[in-house]
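Worksheet: the structure to be examined is printed underneath.
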Amino acid sequence: MTPDEALDLIYSVVASIPRGRVATYGQVAALAGLARRARLVGHALRETPDGVDVPWHRVVNHQGRISARDEPASEHNQRRLLEAEGVRFIGDRVDMESHQWDE
DNA sequence: CGAGTGACGGACG
DNA sequence: CCGTCCGCCACTC
């Protein structure tokens, strides 16, 4: 599989996460047929150009926390976007029990 | 080519 | 529940 094909798979999986639900990096990787390659998912989302139709904010780490990145403002923005669609937080983490995407 | 570095995650204490 | 250690893998020096 070429790197581009892997990216397309990742984006298509993320695009299918329902509004108000969240998925983990590892979950996205597994659904894309890329087991144990969660880091690749993080890399893919990091490279995602703004404006494309990919709800990157619905992907959080396995603990329900918003992963750190270069721009702290983007992290706060992600939480804001999630809360705007009804996702509730318990402290600094998403209430995975009620919001993780079953699939 | 080896070492370091991540939008990660599971195992373990 | 938390910190650590490791496996993983693309990328940069």
Side-chain angles (χ1 to χ4, degrees):
Chain A
M1 141 158 358
T2 69
D4 286 336
E5 294 176 322
L7 291 187
D8 288 337
L9 285 169
I10 291 170
Y11 292 143
S12 66
V13 169
V14 175
S16 61
I17 301 174
R19 177 186 165 74
R21 314 297 297 289
V22 300
T24 69
Y25 294 91
Q27 186 180 355
V28 171
L31 290 172
L34 302 167
R36 297 183 295 291
R37 298 180 68 180
R39 300 190 89 124
L40 181 61
V41 175
H43 194 24
L45 296 185
R46 178 174 43 117
E47 296 299 311
T48 304
D50 297 329
V52 299
D53 185 22
V54 178
W56 55 271
H57 61 284
R58 296 185 187 142
V59 183
V60 297
N61 64 34
H62 196 250
Q63 300 178 91
R65 291 202 176 91
I66 291 172
S67 299
R69 61 206 68 177
D70 296 334
E71 289 296 325
S74 178
E75 297 170 32
H76 183 268
N77 181 48
Q78 178 171 2
R79 173 166 180 154
R80 187 175 59 66
L81 288 171
L82 289 174
E83 294 183 312
E85 45 184 70
V87 174
R88 295 201 285 177
F89 282 69
I90 298 177
D92 67 340
R93 63 173 75 183
V94 170
D95 177 357
M96 298 299 272
E97 194 67 25
S98 19
H99 298 293
Q100 180 163 22
W101 184 27
D102 297 339
E103 209 275 324

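Residue numbering restarts at 1 for every chain, and letters A, B, ... go by the order of the sequence lines.
Atom CG of A:Leu45 and atom P of C:dC9 are 18 Å apart (whole Å). The separation between A:Leu40 atom CG and B:dG9 atom C1' is 14 Å, rounded to whole Å. Taking atom CD on A:Gln63 and atom C1' on C:dC2, their separation rounds to 9 Å, with Å as the unit. Look at CZ on A:Arg69: it is 14 Å from P on B:dG6, rounded to the nearest Å. Remark: P of B:dA7 and CG of A:Asn61 are 12 Å apart, rounded to the nearest angstrom. Separating the CG atom of A:Leu31 from the C1' atom of B:dC8 is a distance of 15 Å, rounded to the nearest angstrom. Atom NE2 in A:His62 sits about 19 Å away from atom P in B:dA7, given to the nearest Å. Between the CG atom of A:Leu7 and the C1' atom of C:dC11 there is a distance of 14 Å, given to the nearest Å.
Remark: A:Glu47 CD is packed, more than 12 non-hydrogen atoms of other residues, nucleotides or ligands lying under 6.0 Å away. The number of heavy atoms from other shown groups lying within 6.0 Å of CG (A:Asp70) does not exceed 12. Sparse packing is recorded around CD of A:Glu71, with 12 or fewer heavy atoms of other residues, nucleotides or ligands lying under 6.0 Å away.
Across all strands, A:Ala68 comes closer than 4.0 Å only to sugar-phosphate atoms, never to a base (heavy-atom distances).
Residue A:Arg37 has a polar side-chain atom (N or O) positioned under 4.0 Å from OP1 or OP2 of C:dA10. In terms of phosphate contacts, A:Arg58 brings no side-chain nitrogen or oxygen within less than 4.0 Å of OP1 or OP2 of B:dA7. Look at A:Ser74 and you won't find any side-chain N or O under 4.0 angstrom from OP1 or OP2 of B:dA7. Distances shorter than 4.0 Å separate none of the side-chain N or O atoms of A:Thr24 from OP1 or OP2 on B:dC8.
Here the nucleotide nearest the side chain of A:Arg93, chosen from C:dC2, B:dA7, B:dG10, is C:dC2.
Across B:dA7 and C:dC13, the matching C1' atoms stand 22 Å from one another, rounded to whole Å.
Annotation for A:Arg69 and A:Ile66: closest pair NH2-CG2, 3.6 Å, computed over non-hydrogen atoms.
A:Gln27 and A:Gln100 are linked by a side-chain donor-acceptor pair at a separation below 3.5 angstrom, with hydrogens and angles left out of the test.
When Watson-Crick and G-U wobble pairs are counted only if both distances are under 3.5 Å, B:dC8 pairs with C:dG7.
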